[in-house]
Amino acid sequence: MMLDASKRAMRRPPASVLRDLLRGEAGGGLVLMIAAAVALIVANSPLAPSYFGLLKTYIGGLSVLHWINDALMALFFLLVGLEIKREFLDGHLATWPRRVLPLIAAAGGMIAPAMIYVALNAGTPDTLRGWAIPTATDIAFALGVLALLGSRVPVSLKIFLTALAIIDDLGAVAIIAAFYTADLSLTWLSLAGLTLAALAGLNRAGVERLVPYLALGAVLWFVVLQSGVHATLAGVALALAIPLRRSPGRPDDTQSPLHILEHALHPWVAFLIVPVFGFANAGVSLAGMSWAAAFAPVTLGIAAGLFVGKQIGIFLTTWAAVRLKLADCPAGASMAQVYGVALLCGIGFTMSLFIGLLAFPTSAALQDEVKVGVLIGSVLSGAVGALVLLLAPGERAASGTMTSHAATRP
């Protein structure tokens with residue numbers, strides 16, 4: 001009987017990608033928190049010279065840090081691209097009514113932090129390049145905090161946060177492509193264009209085997225690396241070419257090439273690649289760092305952008321959209337709980353650090369200020385957001401009339 005049960009479990013189709021995302025991202029977020037904490041400890045311990053020396057070691061023409069940030073993170077961006085494509089074509093963002101609230105919230109959550117950063121750095125033109133750093137949300141960290149709160153948070157809010165962060169990621173990808181590119185090489189860009197055309201041709205021809213796509217994806221990564229466009233964007237471009245087979249009434253067609261690749265990549269990205277990135281980039285030596293560094297325009301702009309800008313931008317736009325009846329509030333959630341989630345969106349760890357490295361590639365001092373600002377803003381957002389969600393009443397507790405009406409229904 002136990003063998004039969006085991007066989008049935010093996011034949012059982014995988015859980016939906018969204019449920020996997022909510023569970024896996026949350027677990028990955030906890031691992032990322034640990035990796036970031038360990039990086040800070042190591043960077044301020046006797047192991048610091050070995051830590052920084054290892055990251056600067058060159059292998060095959062790139063330093064270890066560059067292999068992590070340019071190669072491993074390309075797989076992270078491939079997963080991001082797959083999630084964006086699936087959600088917009090076959091998921092919780094597939095229809096306009098589902099897109100309205102997270103789209104409005106994401107727009108507010110990107111504009112307000114950027115404005116705060118610019119306001120605090122207006123007097124230092126050299127640092128204005130970092131305006132996009134506080135615009136990003138780290139979905140793994142944010143969902144990790146939600147996981148710690150358990151059933152106190154309605155599932156609808158987790159879905160809202162996931163959708164918002166996916167749109168946020170799309171905005172971050174667009175910002176990186178538009179504003180953070182080096183000198184461009186037309187020759188290598190032409191080769192990248194030809195590779196993209198070949199990928200599109202595979203898709204149009206109905207090829208569903210993943211091997212040809214992945215082989216061309218490796219070529220695309222190399223030519224994009226040489227072109228001046230950041231190599232990680234090759235991952236997003238490859239994702240858009242991976243076929244998504246949609247079946248009426250079956251949004252989670254687990255045999256679709258996109259779903260197969262997404263499920264295969266997710267545990268590696270959540271539990272290895274992103275934590276390795278966090279460990280390699282969160283380490284900042286506090287030795288010799290004065291309090292003045294904590295109040296530098298870059299540090300303040302990022303910390304205030306994440307902690308203040310995110311909550312203002314997301315909560316006010318969400319509240320306005322619900323009040324104007326442009327969208328419905330997440331089911332079963334009170335506006336106090338929405339505010340708590342808006343605070344959690346100020347956790348900008350992975351993507352914020354990544355954009356910071358692109359904004360100030362040659363200045364170690366500014367990179368340290370970026371790390372301090374991201375850490376301060378993210379820790380404040382996570383701690384205060386968790387506290388608000390612990391104390392916030394749910395929809396029914398916030399509305400006595402709703403409870404009484406529910407009790408009298410037949």
Side-chain angles (χ1 to χ4, degrees), residues 24-59 63-73 76 133-134 136-149 267-296 298-300 302-303 306-307 344 346-357 360 363-387:
E25 289 284 2
L30 299 178
V31 175
L32 178 56
M33 293 179 198
I34 295 171
V38 171
L40 273 173
I41 294 170
V42 170
N44 293 278
S45 75
L47 295 174
S50 299
Y51 170 77
F52 291 110
L54 175 62
L55 294 176
K56 294 176 182 177
T57 301
Y58 273 75
I59 302 173
S63 68
V64 170
L65 185 61
H66 277 104
W67 276 115
I68 293 170
N69 293 344
D70 291 358
L72 281 183
M73 287 300 283
F76 166 79
I133 298 171
T137 294
D138 191 308
I139 185 173
F141 248 128
L143 285 176
V145 175
L146 284 186
L148 295 176
L149 298 174
W268 292 98
V269 170
F271 295 102
L272 178 64
I273 292 173
V274 171
V276 166
F277 172 84
F279 178 75
N281 290 280
V284 55
S285 176
L286 302 178
M289 186 175 290
S290 66
W291 280 104
F295 295 97
V298 170
T299 307
L300 280 179
I302 295 170
L306 287 172
F307 180 60
L344 289 187
I347 303 174
F349 193 80
T350 305
M351 197 68 85
S352 291
L353 285 177
F354 190 82
I355 295 175
L357 295 173
F360 308 117
S363 175
L366 288 178
Q367 287 182 10
D368 282 348
E369 290 179 12
V370 167
K371 294 175 183 179
V372 173
V374 169
L375 288 171
I376 292 173
S378 297
V379 169
L380 282 174
S381 297
V384 179
L387 181 62

Between side-chain atoms of residues 267-284 and protein atoms elsewhere (two or more places apart, or another chain), which donor-acceptor pairs fall under 3.5 Å?
from, atom 1, to, atom 2, distance (Å)
N281, OD1, N69, ND2, 3.4
N281, ND2, N69, OD1, 3.0
N281, ND2, F277, O, 2.9

Show every donor-acceptor pair shorter than 3.5 Å between a side-chain atom in residues 29-37 and any protein atom, with sequence neighbours excluded, or say none if there are none.
none

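For the atom pair CG of L357 and OG of S363, the computed distance is 11.5 Å after rounding to the nearest 0.5 Å. In this structure, the separation between NZ on K371 and CZ on F349 is 9.5 Å, given to the nearest 0.5 Å. Rounding to the nearest 0.5 Å gives a distance of 10.5 Å between CG of L380 and CD1 of I347. Distance CG/L300 to CD1/I302: 10.0 Å, rounded to 0.5 Å. The distance from the CG atom of L375 to the CG atom of L306 is 10.5 Å, given to the nearest 0.5 Å.
Smallest separation of non-hydrogen atoms from F360 and Q367: O-NE2, 2.9 Å. Closest of all the heavy-atom pairs between A43 and F52 is CB-CZ, 3.9 Å. Taking each heavy atom of N44 and L40 in turn, the nearest pair found is ND2-O, 2.8 Å. Contact record, S45 with P49: O-CD, 4.5 Å, taken as the closest heavy-atom pair.
Between the side chain of S352 and the backbone N or O of I133 there is at least one donor-acceptor pair closer than 3.5 Å. When atom types are taken as modelled, the side chain of D138 and the backbone of T350 share a donor-acceptor pair closer than 3.5 angstrom. Checked by atom type and distance alone, the side chain of S381 never pairs as donor or acceptor with a backbone atom of S378 at under 3.5 Å.
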